[in-house]
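Since the structure comes first, as structure tokens, the remarks are kept for the end.
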Amino acid sequence: MAKVLTSQADDFPRWYQDVLAKAQLAENGPVRGTMVIRPYGYSIWERIQSEVDARIKACGAENAYFPLFIPESYLQREAEHVEGFSPELAVVTHAGGKALDEPIVVRPTSETVIGEYMSRWIQSYRDLPLLLNAWNNVVRWELRPRLFLRTTEFLWQEGHTAHATREDAAAYATRILREVYEDFMVNVLAIPVLVGRKTASERFAGAINTMTLEAMMRDGKALQMGTSHELGQNFSRAFDITYLDAAGETQYCWTTSWGSTTRMIGGLIMTHGDDGGLVVPPLLAPIQTVVVLVKEADGAGERVAALADELAAAGVRARVDDRTSVSFGRRATDWELKGVPVRLELGPRDLAAGAVTVVRRDTGEKSQVPLDRAVARVRELLDRIQVDLLAAATARRDAATTDVTTVDEAAEAAQTGFARLPWDVVRGEGEARLAERGVTVRCLMGPDGSLPPSEDEPDLVAVVARAY
RNA sequence: CGGGGAGUGGCGCAGUGGAAGCGCACCUGCUUUGGGUGCAGGAGGCCGAGGGUUCGAGUCCCUCCUCCCCGACCA
């Protein structure tokens, strides 16, 4: 492979920046912290949306849209919520050429405005559960932005639901965590995630329980890939989200919210990417296979086009690269940088052999396959790569995870990966001591890996790490 | 806001008082297409802004602006 990127070993953050630029994923916008997502990067986001949206709908939620602008007074109705978000709000004070009577905030999240409308839409227990989701953009003024990982404006989906009982709300928040996020991340992104509970200090502003999915990047740091919250009755009390139960009594609803963002693209890059660039898992890839015309000769161009058609007919997202004005090496490198899982090369030597050269992006392995077996071979490889990427990422994570027994050992081990230790050892002053070394509790898990119903369960395990 | 750096073609950088340059990218032509081909030619600059010193300032002095990195918040 040609060396066109800073290597991961030399400088991981710079490697990340190089990949963004060379794979044409995204670049900085003119206002600090904003992001321009380029067509290839956006096509990856569209694939994410498509997969996540289908899973959300399978859980019964419906899409809706709520406004970008929220009255400042709405945020102030929930004390913890406003306290949590105040430092990062963008506030509109002037519009239409004059000062506004009440400032308008640009949504940092939509709990408040959706709460207002839930209170109007919910009358009786027959209206519950109310299951909503929105695909939109939000703004949180970030002091230290990084493309995809932490930007002032980002794209996401935010789900908001209202239920009759705490148990229903908890069950739904957990269902989304498992059936939407975990399933998508593991089976499509091929990223292994730890599913756990946030500590009180890491909890969402206004939630009674925050659950998280944590992935390990190739540099050993953790990335929160998604969250699901039980909001208790905090927002239903603030926004008067009530219903009449079967006995005719007025009750407050129990609400949830859950979100996943363009940050997942950052996680994708840093989980699977290597010194050759991005590596996209086949099930996610906007382009699963590129058919490269090495050189126009002996009808090779027609064979390339026919091959791409056969692949498309077999359900493979295929693309032709017949830009013979660009040198072969350049084009091979381009597709590697973009992480296309399987590349087919067709040139005179292949034609003479009645074959096509097949290259795996993840391993670099090359083989020659008879033309009439090419489509079947591609489909086998796509399946194989999907499985292998998850296995490789899981192996890397497990190899960089250490069981320890003290806070000091955990802080040390977390400099290069994840550390696991008893929660009882950490709780209290432990979180502050870890923070001194840049380490946080990523999540709490049961001894068997289960999702704890509270942080007071016996024998909980704390997973700690440095995080993005 | 505390500490540390940097502003020079699109991007990355060199240039310590005397002709604005280099690499990549871009355009033209030829060449080469099986791993970022090679050669030749070419286009592109208010050197962050303002003021000062000097015969002469990208370079020295002053003021301002912006950006980046390290700390506290965060999907």
Side-chain angles (χ1 to χ4, degrees), chain A residues 1-6 11 13-14 17-18 20-22 24 27-28 30-33 83-89 107-110 136-146 148-159 181 198 201-205 207 210-215 222-229 257-267 276-277 292-297 300 321-337 343-353 355-357 359 364 366 368 432 435-438 440 467-468:
Chain A
M1 289 187 193
K3 189 167 189 266
V4 295
L5 303 171
T6 304
D11 186 342
R14 187 160 175 191
Q17 297 291 345
D18 284 355
L20 294 176
K22 297 283 186 175
Q24 301 181 340
E27 49 196 84
N28 286 312
V31 172
R32 177 180 164 78
E83 186 186 342
F85 279 106
S86 286
E88 43 187 333
L89 292 181
R107 67 174 163 233
T109 179
S110 302
N136 61 32
N137 58 336
V138 288
V139 169
R140 300 177 186 179
W141 214 255
E142 289 293 344
L143 301 179
R144 303 196 51 190
R146 289 191 70 182
F148 286 124
L149 301 174
R150 193 189 302 106
T151 47
T152 282
E153 178 189 8
F154 58 87
L155 307 183
W156 74 343
Q157 58 69 216
E158 50 175 322
Y181 298 149
K198 284 293 188 188
S201 60
E202 298 274 328
R203 201 178 281 158
F204 176 76
T210 289
M211 294 172 286
T212 179
L213 304 99
E214 301 282 331
L223 183 72
Q224 180 171 329
M225 296 282 289
T227 55
S228 186
H229 315 287
S257 69
W258 25 278
S260 61
T261 78
T262 36
R263 171 182 279 184
M264 286 188 284
I265 299 176
V292 179
L293 173 62
V294 175
K295 181 180 183 177
E296 181 54 87
D321 180 356
D322 55 4
R323 301 171 296 160
T324 49
S325 61
V326 179
S327 73
F328 173 80
R330 164 69 61 139
R331 291 183 290 146
T333 304
D334 277 350
W335 296 115
E336 269 161 14
L337 285 164
R343 184 172 73 250
L344 303 184
E345 301 170 359
L346 195 69
R349 297 209 297 252
D350 299 293
L351 272 185
V356 61
T357 299
V359 189
K366 280 189 190 182
Q368 213 176 34
E436 287 170 11
R437 297 198 58 190
T440 50
Y468 278 97

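Here is how names work: the chains are called A, B, and so on, in the same order as the sequence lines, proteins then strands, and each is numbered from 1. The model shown is predicted, which means the values in this text are computed figures rather than measured ones. Because only heavy atoms are used, hydrogens play no part in the values below, and waters and symmetry mates are left out as well, while side chains stay in.
- Within 3.5 Å, no donor on the side chain of A:Lys366 pairs with an acceptor on the base of B:rG34, nor the reverse.
- Comparing the same atom, C1', in B:rU59 and in B:rG17 gives a spacing of 7 Å after rounding to whole Å.
- Atom P of B:rG71 sits at a distance of 23 Å from the matching atom of B:rG12, rounded to the whole Å.
- The residue A:Val326 sits close to a base: some heavy atom pair falls under 4.0 Å.
- Heavy atoms of A:Thr440 sit nowhere under 4.0 angstrom from any nucleic acid atom.
- Remark: the separation of the C1' atoms in B:rC68 and B:rG48 is 15 Å, to the nearest Å.
- Residue contacts shown for A:Ser260 are absent, as no nucleic acid heavy atom lies under 4.0 Å away.
- Between B:rA49 and B:rU37, the distance separating the two P atoms is 38 Å to the nearest Å.
- A:Gln224 comes within 4.0 angstrom of the backbone, heavy atoms only, and of no base.
- Contact annotation for A:Arg343: base contact, defined as any heavy-atom pair under 4.0 Å involving a base atom.
- Ion pair A:Lys22/A:Glu336 not flagged as a salt bridge, since none of the NZ, NE, NH1 or NH2 atoms sits closer than 4.0 Å to an Asp/Glu carboxylate oxygen.
- Among B:rA75, B:rG35, B:rU33, the nucleotide with an atom closest to any side-chain atom of A:Thr261 is B:rA75.
- With hydrogens and angles left out, the side chain of A:Arg331 and the base of B:rG34 share no donor-acceptor pair within 3.5 Å.
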Under 3.5 Å, N/O pairs linking protein and nucleotides 23-27 of chain B:
residue : atom : partner  : partner atom : Å
B:rA25  : OP1  : A:Arg330 : NH2          : 3.2

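- When side chains are defined from C-beta on, A:Val139 counts as touching A:Thr152, because their heavy atoms get closer than 4.5 Å.
- A distance of about 24 Å separates the P atoms of B:rA6 and B:rA57, rounded to the whole Å.
- The residue A:Gly259 sits apart from the nucleic acid: no heavy atom pair falls under 4.0 Å.
- The residue A:Glu88 sits close only to the backbone: its heavy atoms come under 4.0 Å of sugar-phosphate atoms, none of a base.
- Per the stacking criterion (ring centres < 5.5 Å, plane angle < 30°), A:Phe154 stacks onto the base of B:rA75.
- A donor-acceptor pair under 3.5 Å links the side-chain atoms of A:Arg331 to the main chain of A:Asp321, judged by distance alone.
- For the P atom pair drawn from B:rG18 and B:rG42, the interatomic distance equals 28 Å after rounding to whole Å.
- For A:Arg140 against B:rC74, a side-chain-to-base donor-acceptor contact under 3.5 Å is absent.
- Within 3.5 Å, no donor on the side chain of A:Ser327 pairs with an acceptor on the base of B:rG35, nor the reverse.
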Polar atoms only, N or O, under 3.5 Å: list the protein pairs with nucleotides 1-10 of chain B and their distances.
none

Let's test your reading of the pairing rules: Watson-Crick or G-U wobble, both distances under 3.5 Å, then write RNA chain B as a dot-bracket string with ( ), [ ], | and dots. (((((((..((((....[..)))).(((((.......))))).....(((((..]....))))))))))))....

